[in-house]
Amino acid sequence: MSDPRLPVLAELEKKILWLASWTIHNANHLRDNGDGMKVGGHQASSASLATIMTALYMAALKPQDRVAVKPHASPIFHAINYLMGLQTREKLENFRGYKGAQSYPSRTKDIDDVDFSTGSVGLGVAQTLFSSLTQDYVKAHGWGGDRPDGRMVSLIGDAELDEGNIFEALMEGWKHGVRNTWWVIDYNRQSLDAVIREGLYDRFEQMFRNFGWDVVTLKYGSLQQAAFKEKGGERLKAWIDSCPNQLYSALTFQGGAAWRKRLMDDLGDQGPVTRLIEKRSDAELSKLMCNLGGHDLPSILEAFESIDHDRPVCFLAYTVKGFGLPLAGHKDNHAGLMTKEQMEGFKRANTIRPGHEWDLFEGLSLPEADIRAFLGKVPFFSKGRRRFSAPSLPVPAKLEVGIQATMSTQMGFGKVLDELAKLGGPLADRIVTTAPDVTVSTNLGPWVNRRGLFARASMADTFKDERIPSMQKWEFSPKGQHIELGIAEMNLFINLSALGLSHSIFGERLIPIGTLYDPFISRGLDALNYACYQDARFMVVATPSGVTLAPEGGAHQSIATPLIGMSQDGLCAFEPAFVDELAVMMRWSFEYLQKDGEGDPDERTWLRDETGGSVYLRLSTKQVEQPQRVMTPELEREIIDGAYWLRKPGPNASVVIAYTGAVAPEAIEAVGLLSEDRRDVGLLAITSADRLNAGWQAAERARQRGNHEATSHIERLLGELSRDCGIVSVLDGHPATLAWLGSVHGHRQKALGVEHFGQTGTVADLYRHFGIDANAIVHAAQAAAPGRPVRYLKALP
Ligand SMILES: Cc1ncc(C[n+]2csc(CCOP(=O)(O)OP(=O)(O)O)c2C)c(N)n1
Ligand SMILES: [Mg+2]
């Protein structure tokens with residue numbers, strides 16, 4: 001018996017495609033009258049997924065499922081939500097406009113309950129896989145109540161599979177036994193520029209099977225399947241199977257008459273095949289040839305609903321880019337738009353009266369009451385909003401860390417986590433660490449020894465069982481709290497993105513901490529940006545960093561990362577010099593990661609701390625003599641605000657040294673060398689160039705808006721200096737990170753840092769080479785604060 005949902009679903013598909021197309025056309029219309037901007041990329045790309053998304057959202061998905069929608073299918077997504085009363089006409093009329101419905105589905109900017117943001121192709125795909133691993137992690141730890149397992153679904157453009165990060169994720173998923181993940185490939189055989197290569201389906205299929213996935217191909221729609229059963233049908237099928245992608249697309253665009261001519265030329269036999277073709281009108285023939293699996297509701301529903309296992313599944317759905325629109329199949333249709341005349345025709349075909357374009361039930365051939373009743377019962381939307389929240393975990397007032405006379409911030413990081421692991425409690429239990437094959441070398445070892453590695457099935461450490469001495473216990477269990485990844489940094493950041501949304505996706509808060517080598521932040525940068533864009537919450541801890549890693553090799557030196565830390569929205573960056581600072585930063589971060597407020601900026605720093613965000617700690621392996629001091633509340637506050645005077649400048653100071661991170665000993669030494677020839681030299685410890693700068697910018701904006709009292713932390717600190725005091729800034733990173741300090745109050749400044757990389761050597765060699773050693777600082781100070789020659793200044797080699 002035929003599925004009773006089908007007639008309504010067919011009507012809804014029509015409606016959804018109409019609404020999406022109207023949204024795009026309407027937005028384009030506005031732009032054309034205004035700034036001439038074109039609304040590219042959406043029209044044809046959306047139509048290609050209209051059938052599949054109708055089947056998924058209106059029938060096959062369950063409330064616990066979560067979806068990443070191909071970026072350019074956002075109009076379809078918005079249209080579905082509009083139908084469900086979850087999106088407004090106002091926002092759709094303002095599609096792509098300021099505060100309108102977003103061009104690509106956005107968790108943070110759209111109102112219609114986007115599960116996963118998309119935009120940069122490939123990333124949303126991998127996000128679903130890692131989100132499924134997060135679901136397993138949450139369940140294995142006994143959290144999440146009795147909520148059934150959800151399926152993490154990604155709707156993928158076929159050209160999207162060019163992105164290497166998808167394959168990296170597939171490999172990682174295989175290692176972790178990924179389940180409950182459905183990837184639907186919109187196989188329209190077109191990308192942005194053109195028609196894709198022949199035979200890709202075969203590569204895809206083999207590859208997914210290699211990784212243990214089930215593969216379901218949706219190639220022929222039910223009309224085609226019926227036609228294949230007619231006399232001569234087999235020859236038609238063989239023709240379709242051997243037809244090159246380009247030709248199929250071109251004929252699709254040209255329509256029924258072109259199909260007829262071509263099919264008759266190739267297959268006409270004065271017999272059954274000719275009859276099969278001739279008994280159909282042009283319109284029917286076109287409909288038959290475009291009736292691919294991905295546009296056939298019965299086949300799609302049956303494919304989705306017959307999956308009775310939790311293994312990952314790839315659905316390879318043949319579709320037509322621009323399906324149902326006059327642009328269908330044209331190789332240039334990616335940015336194509338319907339003309340006004342075409343839109344009028346499309347409107348008539350949908351029986352929409354002028355002025356009724358946004359009416360939900362306009363032009364439908366089933367009674368409104370039936371459709372309303374159906375919409376009221378759509379399973380996916382039946383439990384209301386899919387976005388959850390989770391209470392904040394309490395953070396201890398102070399994080400313990402045994403400080404040795406000399407140590408590195410990386411050692412300090414390992415100790416803070418080790419102490420937390422020992423101490424236990426809700427925070428420690430919700431921390432989940434992850435690293436791309438650098439667990440031991442980034443000093444997560446002590447934590448992992450105490451808390452174990454995560455796997456759904458326990459696995460013993462053979463070395464331990466065989467009593468072979470080793471510093472590292474490597475035991476996997478469902479209760480483990482470290483997720484060991486392969487080397488791909490993209491996967492690290494997408495894993496952090498998934499773990500860092502657990503409170504919102506699964507209602508269970510996790511505190512994810514990822515470690516990696518600082519230079520490889522660049523390798524995963526787009527994924528890091530993506531994670532921040534969708535407001536995932538995590539801590540990234542990067543060591544070694546800069547040229548300070550010295551003999552480890554020039555290839556691993558990071559120069560740009562301090563600037564990434566400053567400029568990455570949603571990521572708050574710190575670079576401590578000392579371990580007591582690090583402990584303060586980590587404590588503050590554990591609270592900051594969990595914040596979700598709306599509050600106004602803090603009047604002291606002008607930072608929006610109430611909204612919370614993620615944190616990046618740039619650490620070092622350099623062993624540094626630690627200050628013996630009491631951590632006062634004021635000092636704690638200033639460390640978080642971004643800077644404090646390690647040595648306060650006197651009233652007559654002619655120069656101050658401002659440093660960040662591992663070069664602290666060099667800065668301290670330089671102040672000593674300077675002190676006989678320059679009076680009252682100040683030493684400013686900058687713990688966060690990011691926060692200092694952000695506060696300064698925000699205070700400036702507040703003043704522009706009329707709040708003349710607004711003053712940021714750095715403005716107060718440097719406000720104490722006389723007008724002609726010079727500033728020397730120094731860090732193991734790009735000098736631009738701190739080069740703005742002089743602009744705060746118009747002080748003369750010399751900015752030292754690293755601009756080149758690649759040279760190996762000792763730390764002393766390299767600091768001298770790059771001009772960030774004590775000598776270079778003194779030299780710069782002498783230039784910034786003219787006066788008698790500094791006696792200890794050695795001639796630079
Ligand atoms: C990382 C990244 N690179 C480039 C783009 C620009 N871009 C957007 S869509 C697209 C082509 C997509 O083709 P396909 O995935 O087949 O989707 P279709 O348009 O056919 O639906 C490109 C190159 C992007 N969004 N992200
Ligand atoms: Mg495509």
Side-chain angles (χ1 to χ4, degrees), residues 17 20-21 24 38-53 67-77 96 102-106 116-128 154-169 183-201 203-204 218-219 245-246 248-250 252-253 290 292-295 314-325 327-337 490 493-494 497 522-531 533-534:
L17 180 59
S21 306
I24 298 160
K38 285 279 174 199
V39 180
H42 288 96
Q43 197 129 57
S45 188
S46 277
S48 172
L49 269 173
T51 329
I52 288 172
M53 287 177 70
V67 193
V69 176
K70 180 184 78 169
H72 281 115
S74 78
I76 299 280
F77 174 79
R96 288 175 59 125
Q102 296 289 298
S103 331
Y104 310 127
S106 167
F116 302 115
S117 299
T118 53
S120 176
V121 299
L123 300 180
V125 182
Q127 173 84 25
T128 56
S154 176
L155 305 170
I156 315 174
D158 44 5
E160 197 165 357
L161 281 147
D162 289 338
E163 290 290 0
N165 85 278
I166 296 180
F167 304 93
E168 296 175 357
W183 287 358
V184 184
I185 301 176
D186 175 8
Y187 196 56
N188 60 22
R189 289 146 292 137
Q190 283 186 249
S191 62
L192 193 160
D193 282 336
V195 176
I196 64 171
R197 290 280 182 286
E198 295 302 323
L200 268 181
Y201 67 92
R203 307 309 106 199
F204 292 161
L218 284 160
K219 183 162 181 183
N245 291 338
Q246 291 239 23
Y248 213 96
S249 291
T252 300
F253 176 71
C290 292
L292 300 178
H295 294 296
C314 166
F315 297 89
L316 192 64
Y318 280 69
T319 55
V320 172
K321 189 158 171 173
F323 181 75
L325 308 178
L327 319 160
H330 196 293
K331 72 180 172 57
D332 303 340
N333 68 7
H334 187 81
L337 288 163
M490 276 291 202
F493 288 116
I494 300 177
S497 176
S522 307
R523 180 73 159 249
L525 192 53
D526 199 29
L528 169 62
N529 181 55
Y530 172 66
Y533 172 62
Q534 56 182 340

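We count ligands from 1, going down the list as the structure has it; atoms in each ligand are counted the same way. The figures here come from the full heavy-atom set of this structure, side chains too, leaving out hydrogens, waters and symmetry mates. The structure displayed is predicted, hence computed values, not measured ones. If you read the sequence from its start, that first residue is 1, and numbering goes on from there.
The closest protein non-hydrogen atom to atom 8 (C) of ligand 1 is His72 CE1, 3.5 Å. Ranking the protein heavy atoms by distance from atom 19 (O) of ligand 1 puts Lys321 NZ, 2.7 Å first. Among protein heavy atoms, the minimum distance from atom 5 (C) of ligand 1 is reached at Val121 CG2, 4.6 Å. Closest to atom 3 (N) of ligand 1 among all protein heavy atoms lies Glu163 OE2, 4.0 Å. Distance from atom 16 (O) of ligand 1 to its nearest protein heavy atom, with residue and atom name: Asp158 OD1, 2.6 Å.
Counting heavy atoms closer than 4.0 Å to ligand 1, residue Gln190 contributes backbone atoms (N, CA, C, O) but none from C-beta onward.
With 2.8 Å as the limit, Gln190 counts as an N, O or S neighbour of the Mg ion (ligand 2). Residue Glu160 does not count as close to the Mg ion (ligand 2), with no N, O or S atom under 2.8 Å. One of the N, O or S atoms belonging to Asn188 lies under 2.8 Å away from the Mg ion (ligand 2).
Taking every heavy atom of Asn188 and a limit of under 4.0 angstrom, the matching atoms of ligand 1 come to 18 (P), 20 (O), 21 (O). Heavy-atom contacts of Ser120 reach the following atoms of ligand 1: 1 (C), 26 (N) (cutoff under 4.0 Å). The ligand atoms of ligand 1 that sit less than 4.0 angstrom from a heavy atom of Glu160 are 15 (O). Listed by number with element, the atoms of ligand 1 under 4.0 angstrom from any heavy atom of Ala159 are 13 (O), 14 (P), 15 (O), 16 (O). Residue Ser191 has at least one heavy-atom neighbour below 4.0 Å for each of these atoms of ligand 1: 13 (O), 16 (O). Close approach to Lys70 involves these atoms of ligand 1, each under 4.0 Å from a residue heavy atom: 18 (P), 21 (O). Listed by number with element, the atoms of ligand 1 under 4.0 Å from a non-hydrogen atom of Gly119 are 24 (C), 25 (N), 26 (N). Every atom of ligand 1 is numbered from 1 in the order shown, and the set under 4.0 Å from a heavy atom of Gly157 is 14 (P), 15 (O), 16 (O), 17 (O).
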Exercise for review: Using the side chain to side chain contact (heavy atoms under 4.5 Å, CB included) rule, take Ile196 and Tyr187 through it: C-alpha gap first, then chi angles, then the decisive distance, then the call.
Suggested key: CA-CA 10 Å; Ile196 64 171; Tyr187 196 56; 4.0 Å; yes
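Side-chain atoms of His330 and Lys321 include no donor-acceptor pair closer than 3.5 Å. In the model, Ser74 has no side-chain atom that pairs as donor or acceptor with a side-chain atom of Gln102 under 3.5 Å. Remark: the Gln246 side chain and the Glu198 side chain contain no N/O donor-acceptor pair separated by less than 3.5 Å.
Phe323 has its side chain out of reach of Leu49: every pair of non-hydrogen atoms, C-beta onward, lies at least 4.5 Å apart.
Note: His72 and Tyr104 have perpendicular aromatic rings, judged against thresholds of 30 and 60 degrees for the angle between ring planes.
Distances from atom 7 (N) of ligand 1 to the heavy atoms of Ile196, Asn333, Leu192 show the closest one on Leu192.
No other N/O/S atom of Asp158 lies as close to the Mg ion (ligand 2) as OD1 does.
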